[in-house]
Q: 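Pasting a structure here, questions to come.
Naming convention: chains lettered A, B, ... in sequence-line order (proteins, then strands); numbering from 1 in each chain.
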2 protein chains.
Amino acid sequence: MTDTTPRQRARLETEAQITAIGNRMVDEDGIEGVSLRAIARELGVVSSAVYRYVRNRDELLTILIRDAFDQIADFVDEALAKERSVAVLALAMLEWSRAHPNRWALIYGTPIADYEAPREETVVPGTRIMIALARLVADSAGDEGPTPEPLPSAAALQPLREGLAELGLEHEDAVIMSTVTIWVAAIGLINALRFGQFGPGLDGVEDELMRGVISSLGE
Amino acid sequence: MTDTTPRQRARLETEAQITAIGNRMVDEDGIEGVSLRAIARELGVVSSAVYRYVRNRDELLTILIRDAFDQIADFVDEALAKERSVAVLALAMLEWSRAHPNRWALIYGTPIADYEAPREETVVPGTRIMIALARLVADSAGDEGPTPEPLPSAAALQPLREGLAELGLEHEDAVIMSTVTIWVAAIGLINALRFGQFGPGLDGVEDELMRGVISSLGE
DNA sequence: GAATTTCAGAGAGCACCGCTCTTGTTTTGT
DNA sequence: ACAAAACAAGAGCGGTGCTCTCTGAAATTC
């Protein structure tokens with residue numbers, strides 16, 4: 001016997017419905033298309049009623065953002081389980097962005113105006129992939145000996161080192177620098193593709209471009 | 001004697017005011033803060049009156065986007081006039097993004113929902129910097145001999161080659177690939193910094209990070 | 001110089017949004 | 001059985017983009 005009352009079960013059900021509808025609205029119309037009034041309408045309920053389940057629109061957005069971070073990180077983890085490499089990681093991100101372009105924009109695009117994601121809610125899921133990348137870079141660092149390239153001064157990397165430390169990680173400066181470079185290049189390419197900055201006609205060559213970028217970064 | 005009527009002069013004046021207010025609103029509150037009703041209020045005019053000057057909100061956005069593209073391209077050109085190098089180009093973009101974060105987001109962030117920039121209005125100003133980068137890469141290509149890295153198949157670069165051809169440019173595949181890599185890394189880093197994806201505390205080290213990324217790309 | 005066309009602006013109105021407050025009703029825990 | 005808590009409804013506030021009609025003034029035409 002579950003000691004949950006019918007009302008409690010109904011509440012969980014409704015909460016799940018709200019986030020499901022919210023996710024669907026993001027997929028269909030982007031973040032702008034997420035409307036509490038429309039959700040209420042779809043639930044067959046008056047608009048003020050949804051505020052029983054969600055404090056305000058921002059709270060719903062936080063849920064959707066956390067979900068999206070976890071989904072793409074899960075997807076990347078699955079891909080890495082088959083083969084651990086930087087290229088696989090980047091290609092998995094690219095593939096997920098193709099399948100969920102609006103969710104991608106939600107987490108890696110312009111921050112939402114007048115909204116600040118609560119760090120305690122989003123930092124952990126939001127950093128999973130980057131941590132995985134740092135591990136990959138660190139693992140393959142020994143393969144090619146010490147990097148000959150001039151590193152930025154240690155001071156410049158200090159804030160990033162601290163950020164990693166908070167998550168319980170420590171890496172050499174060369175690893176951090178390499179991770180950052182690969183990260184911004186991969187994200188930058190995916191954003192350029194998703195946001196149409198290279199013009200049309202690149203649909204069929206996305207993976208190849210990503211492979212080219214990654215390989216020219218020496219991984 | 002100008003043969004412009006007072007009415008024509010007043011119209012030009014009002015149009016200029018509208019775009020100036022629009023730019024200020026972008027700077028203050030981002031694209032979401034651009035409201036035709038608020039502009040009307042500021043002009044001391046009823047809301048429907050501004051539609052005499054601007055067909056709709058999207059048309060104003062197009063004007064603001066074109067302006068922003070031209071402004072950053074002018075800024076980069078000025079920097080390159082002093083010293084022609086990839087690092088200077090990237091650092092100039094970064095500096096401009098710091099001075100005008102919301103305008104940066106307007107042109108390099110998530111596309112605006114339900115808005116499609118008319119290509120004929122925005123392609124030319126929107127590609128100026130990338131063309132300058134391609135020229136820089138091409139000029140310095142001879143310095144280090146042919147690239148040893150494996151290039152993606154010519155087919156993958158075909159759409160980009162066509163895009164450049166439309167703008168009257170031709171470059172080798174190695175140059176195109178290198179340009180794309182540098183471009184996405186630079187844009188990716190600036191976006192990460194502007195959008196806070198690396199967390200707080202990086203304000204003082206932005207330039208050094210950019211130099212590190214660019215130098216690790218071999219330029 | 002008078003008649004006519006053009007155009008700027010006013011005002012009302014439509015449909016949407018987030019969000020709050022008050023009022024009943026139903027389900028819970030005591 | 002009864003008080004407390006949760007829920008839903010409804011009205012309302014202020015905001016958005018945009019359209020339509022109407023008036024008055026300026027510019028153009030004759």
Q: Hey, does B:Val45 reach any base, or is it just sugar-phosphate, or nothing, if we go heavy atoms under 4.0 Å?
A: sugar-phosphate

Q: Output one line per pair: protein atom, nucleotide atom from nucleotides 3-6 of chain D, and distance, for all N/O pairs under 3.5 Å.
A:
none

Q: When you compare the protein's N or O atoms with those of nucleotides 17-21 of chain C, which come within less than 3.5 Å of each other, and at what distance?
A:
from   : atom 1 : to      : atom 2 : distance (Å)
C:dC17 : OP1    : A:Ser35 : OG     : 2.9
C:dC17 : OP1    : A:Arg41 : NH2    : 3.4
C:dC17 : OP2    : A:Arg41 : NH2    : 2.3
C:dG18 : OP1    : A:Leu36 : N      : 2.8
C:dG18 : OP2    : A:Ser35 : OG     : 3.4
C:dG18 : OP2    : A:Leu36 : N      : 3.3
C:dG18 : OP2    : A:Arg37 : N      : 3.0
C:dG18 : N7     : A:Arg37 : NH1    : 2.4
C:dG18 : O6     : A:Arg37 : NH1    : 2.8
C:dC19 : OP2    : A:Arg57 : N      : 2.8
C:dC19 : N4     : A:Arg37 : NH1    : 3.4

Q: Going by the side chain to side chain contact (heavy atoms under 4.5 Å, CB included) test, name the single residue among A:His100, A:Glu95, A:Met93 that passes it with A:Phe75.
A: A:Glu95

Q: Side chains of A:Trp104 and A:Ile187: does their closest heavy-atom pair fall under 4.5 Å?
A: yes

Q: I need the A:Leu12 CG to A:Arg7 CZ distance, nearest 0.5 Å.
A: 13.5 Å

Q: Count the heavy atoms of every other residue, nucleotide or ligand shown that sit under 6.0 Å from CZ of B:Arg135, and state whether that count exceeds 12.
A: no

Q: Report for the helix from C:dG1-D:dC30 to C:dT30-D:dA1: angle between first-end and last-end helix axes, five pairs each, rounded to 10 degrees.
A: 10°

Q: Would you give the length of the straight line joining atom CG of A:Asp29 to atom CG of A:Asn102, rounded to the nearest 0.5 angstrom?
A: 8.0 Å

Q: Please state how far atom CG in A:Asp114 lies from atom C1' in D:dG15, giving the value in whole angstrom units.
A: 13 Å

Q: Closer than 4.0 angstrom, basic N to acidic O: yes or no for B:Asp203 and B:Arg98?
A: no

Q: Counting only heavy atoms not in B:Glu116 (residues, nucleotides, ligands), do more than 12 fall under 6.0 Å from its CD?
A: no

Q: Rounded to whole angstrom units, what separation is found between the CG atom of A:Leu12 and the P atom of D:dC7?
A: 10 Å

Q: Around B:Arg66, counting heavy atoms of other residues, nucleotides and ligands shown, do more than 12 lie under 6.0 Å from its CZ?
A: yes

Q: Please name the residue in the list A:Arg194, A:Arg103, A:Glu206 that meets the side-chain hydrogen bond (donor to acceptor under 3.5 Å, both in side chains) test with A:Ser97.
A: A:Arg194

Q: Above 12 or not: heavy atoms from other molecules or residues under 6.0 Å from CD of A:Glu166?
A: no

Q: For B:Arg9 and C:dA8, what is the distance between atoms CZ and C1' respectively, to the nearest whole Å?
A: 16 Å

Q: Please report the distance, rounded to the nearest Å, between CD1 in B:Ile39 and P in D:dG17.
A: 8 Å

Q: Check the distance between D:dT16's P and A:Glu32's CD and give it to me in whole angstrom.
A: 16 Å

Q: Is it the case that atom CD in A:Glu170 sees more than 12 heavy atoms from other parts of the structure closer than 6.0 Å?
A: no

